[in-house]
*Asks:* 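Could you have a look at this structure, given as structure tokens, before my questions?
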Amino acid sequence: MFKNIVLALAAFASFVSTAPLELEQRGLADVYHKYTGDGSAAAGWPVTEDWGEFEGLWSRNLPLIKQSCGWNNWGADNSDDEIRNLKSAITQVASETGVKARFILLIMMQESKGCVRVPTTANGVRNPGLMQSHNGSGSCAGVNPCPKSQIVQMIRDGTAGTASGDGLKQLLAKTVAHYGSRQPRAYYAAARLYNSGSVDYAHLENGFGSVACYASDIANRATGWTLAASSC
Ligand SMILES: *[C@@H]1O[C@H](CO)[C@@H](O)[C@H](O)[C@H]1NC(C)=O
């Protein structure tokens, strides 16, 4: 958080949701739409039904997770064991915190592209690990293999928060309280807070000096964006 990293991939897949008397096909697509404004459906932002489920989003991001360390010169690519532990860490911390697994995944991809050996960055605050947490203790920078305990810690630092700062759980609590419900823009606004520490609810593209496209990127990741060129 409080810094940038970009990313992206391509895939295919679509997911089908069926409901009584209704068969609806919703496709995840590797395309980028630039979203601005207040995060609402009226402003064009994706609604809950547009979001992929955790498994579908995981599958789309897996090809990146397998190669992101090498692509970024962050050390050896994630091993099969590390990738297995990463997936289970996300679902474990999701159940510990009540934060949706898919949201954790999207923020992790935004922050580190899922490379367990991502370096620690520091722009005022120390941001280590998979979720570039607020001065958390989890990190495998320069460490191979990365132990499962560290992978869980990195996901926990970013999601449950640390002694030094908020994680997704606290930020979502703030944005859900602001809107009065867990609507999609509560997630977009929480993403804004995770990146910049402040949110302008009418203009989620206001990065307060951090990554202007952060909330838009998360909305695109939620609908399947991985490697397509960003128009933001
Ligand atoms: C970061 O964490 C360390 C260890 O927990 C602590 O000593 C330090 O004060 C923290 N720094 C900030 C800026 O919160």
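Note: hydrogens, waters and symmetry copies are ignored here, and every other heavy atom, side chains too, is used. Order of appearance sets the numbers: ligands from 1, and atoms from 1 within every ligand.
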*Asks:* Check each of Asp166, Leu172, Leu168 against Tyr194 using the side chain to side chain contact (heavy atoms under 4.5 Å, CB included) test, and report the only one that passes.
*Replies:*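 Option passing the side chain to side chain contact (heavy atoms under 4.5 Å, CB included) with Tyr194: Leu168.
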
*Asks:* Tell me if the aromatic rings of Tyr188 and Tyr35 count as close, with their centers under 6.0 Å from one another.
*Replies:*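 No, the ring centres sit 6.0 Å or more apart.
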
*Asks:* Under 4.0 Å and counting heavy atoms only, is there anything from the protein next to atom 10 (C) of ligand 1?
*Replies:*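 Looking at atom 10 (C) of ligand 1, one finds that a protein heavy atom does lie closer than 4.0 Å.
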
*Asks:* Any idea which atoms of ligand 1 are less than 4.0 Å away from a heavy-atom of Asn135?
*Replies:*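 Heavy-atom distances to Asn135 below 4.0 Å select 1 (C), 2 (O), 3 (C), 8 (C), 10 (C), 11 (N), 12 (C), 14 (O).
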
*Asks:* Taking Tyr187 as the fixed residue, which of Tyr214, Tyr179, Phe103, Trp45 is the one that meets the ring pair (Phe, Tyr, Trp, His ring centres under 6.0 Å) rule?
*Replies:*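 That would be Phe103.
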
*Asks:* For atom 2 (O) of ligand 1, decide whether some protein heavy-atom distance is shorter than 4.0 Å.
*Replies:*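 So far as the 4.0 Å threshold goes, atom 2 (O) of ligand 1 is in reach of a protein heavy atom.
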
*Asks:* Using the ring of each side chain (for Trp, its six-membered ring), is Trp225 parallel, tilted or perpendicular to Tyr32, with breaks at 30° and 60°?
*Replies:*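 Perpendicular.
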
*Asks:* With atom 14 (O) of ligand 1 as the reference point, say which of Ser137, Ser164, Ala163, Ala122 has the nearest heavy atom.
*Replies:*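 Nearest option to atom 14 (O) of ligand 1, by heavy atoms: Ser164.
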
